[in-house]
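In what follows, a single structure is set out as structure tokens and then discussed.
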Amino acid sequence: MANVSLQQVGKSYGKSVAVEAFNLDIRDGEFLVLLGPSGCGKSTTLRMIAGLESITTGDLLIGGERMNEVDPKNRGVAMVFQNYALYPHKTVEENMGMALKLQKMPKAEISERVAGVADMLGLTEYLERKPGSLSGGQRQRVAIGRAIVRTPQVFLFDEPLSNLDAKLRVKMRMELQELHDRLGVTSVYVTHDQVEAMTLADRIVVMDGGVIAQVGSPREVYDTP
Ligand code: ADP
Ligand code: ADP
């Protein structure tokens with residue numbers, strides 16, 4: 001677990017400002033939701049934390065260490081994408097263990113870790129299957145499992161439930177909540193869905209046009225007229 005500190009962090013594409021330099025301190029173990037309409041800068045902010053997008057201004061600290069130029073895989077973060085981003089020709093087990101294999105972790109240790117996480121997520125019986133033969137909810141569990149096996153300091157979620165149907169979205173939302181209660185890993189979660197924000201967040205950051213419009217607990221954000 002680690003805190004994440006954005007100090008005057010901003011992003012421009014040429015002359016166009018996607019995220020205005022802003023300050024935000026995300027506490028150790030906090031579940032922080034970035035909420036706002038399409039195009040307000042949520043994804044860009046998340047991708048800057050992940051290292052998938054360079055930072056134009058300011059400093060990003062994770063666990064007190066400056067990360068601006070640190071390679072994404074060395075930041076202690078794991079990201080879960082909206083479209084799952086699974087390898088179609090690899091099995092669930094291989095997908096989940098991929099990052100550990102790249103880190104040259106011994107095979108037996110990878111298997112053990114993947115098995116433990118698969119058990120936690122109800123994926124044990126699907127380990128030999130390919131993603132294409134799974135339901136949307138199962139695929140999203142694999143994507144989440146792939147992030148968990150890396151035991152990151154920080155989870156980054158980019159609209160992870162938005163491709164699921166309404167019923168499954170509710171179920172997965174509850175599962176994510178339980179997972180956070182259980183693991184307590186610092187999480188930054190991007191969504192435009194107010195209900196998701198309300199139920200998952202310790203704290204909500206409302207973004208609008210590349211700036212922070214409001215910060216507060218779900219209650220504070222929703223009680224504001
Ligand atoms: P959100 O995640 O809230 O939908 P984004 O962070 O994706 O918003 O985008 C914020 C703004 O930055 C938008 O105006 C978008 O068009 C712009 N933007 C994002 N990525 C790029 C890019 N690679 N080049 C130019 N503009 C971009
Ligand atoms: P999101 O679902 O996060 O809003 P988008 O569909 O807006 O994502 O963007 C998808 C991809 O296109 C991202 O990699 C983003 O950086 C890029 N992008 C978004 N807006 C622009 C833009 N105006 N010019 C160039 N690239 C963009």
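We count residues from 1, following the sequence as given. For ligands, and for the atoms within them, numbers begin at 1 and follow the listed sequence.
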Point-to-point distance, once rounded to the nearest 0.5 Å, from CD of Glu53 to NZ of Lys11: 4.5 Å
Ser162 versus Gln82, side-chain donor and acceptor atoms under 3.5 Å: yes
Pro37 neighbourhood, listing ligand 1 atoms whose heavy-atom distance to it stays under 4.0 Å: 3 (O)
Identified side-chain contact (heavy atoms from CB on, under 4.5 Å) counterpart of Arg141 within the set Met172, Met96, Arg146: Met172
Subset of ligand 1 atoms that lie under 4.0 Å from at least one heavy atom of Lys42: 1 (P), 2 (O), 3 (O), 4 (O), 6 (O), 8 (O)
With sequence neighbours excluded, residues passing side chain to side chain contact (heavy atoms under 4.5 Å, CB included) with Arg182: Met120
Proximal atoms of ligand 1 relative to Cys40 (non-hydrogen, under 4.0 Å): 1 (P), 3 (O), 8 (O)
Thr44: numbered ligand 1 atoms lying under 4.0 Å from its heavy atoms: 5 (P), 6 (O), 9 (O), 10 (C)
Atom indices of ligand 1, in the order listed, that fall short of 4.0 Å to a heavy atom of Ser38: 4 (O)
Enumerated ligand 1 atoms positioned under 4.0 Å from heavy atoms of Ser43: 1 (P), 2 (O), 6 (O), 7 (O)
Any N or O of Ala18 closer than 3.5 Å to N or O of ligand 1: no
Atom CD of Gln8: over 12 foreign heavy atoms under 6.0 Å: yes
4.0 Å heavy-atom contact, Gly41 with ligand 1: yes
Contacts of type ring-ring contact (aromatic ring centres under 6.0 Å, His included), residue Phe155, not counting sequence neighbours: Phe157
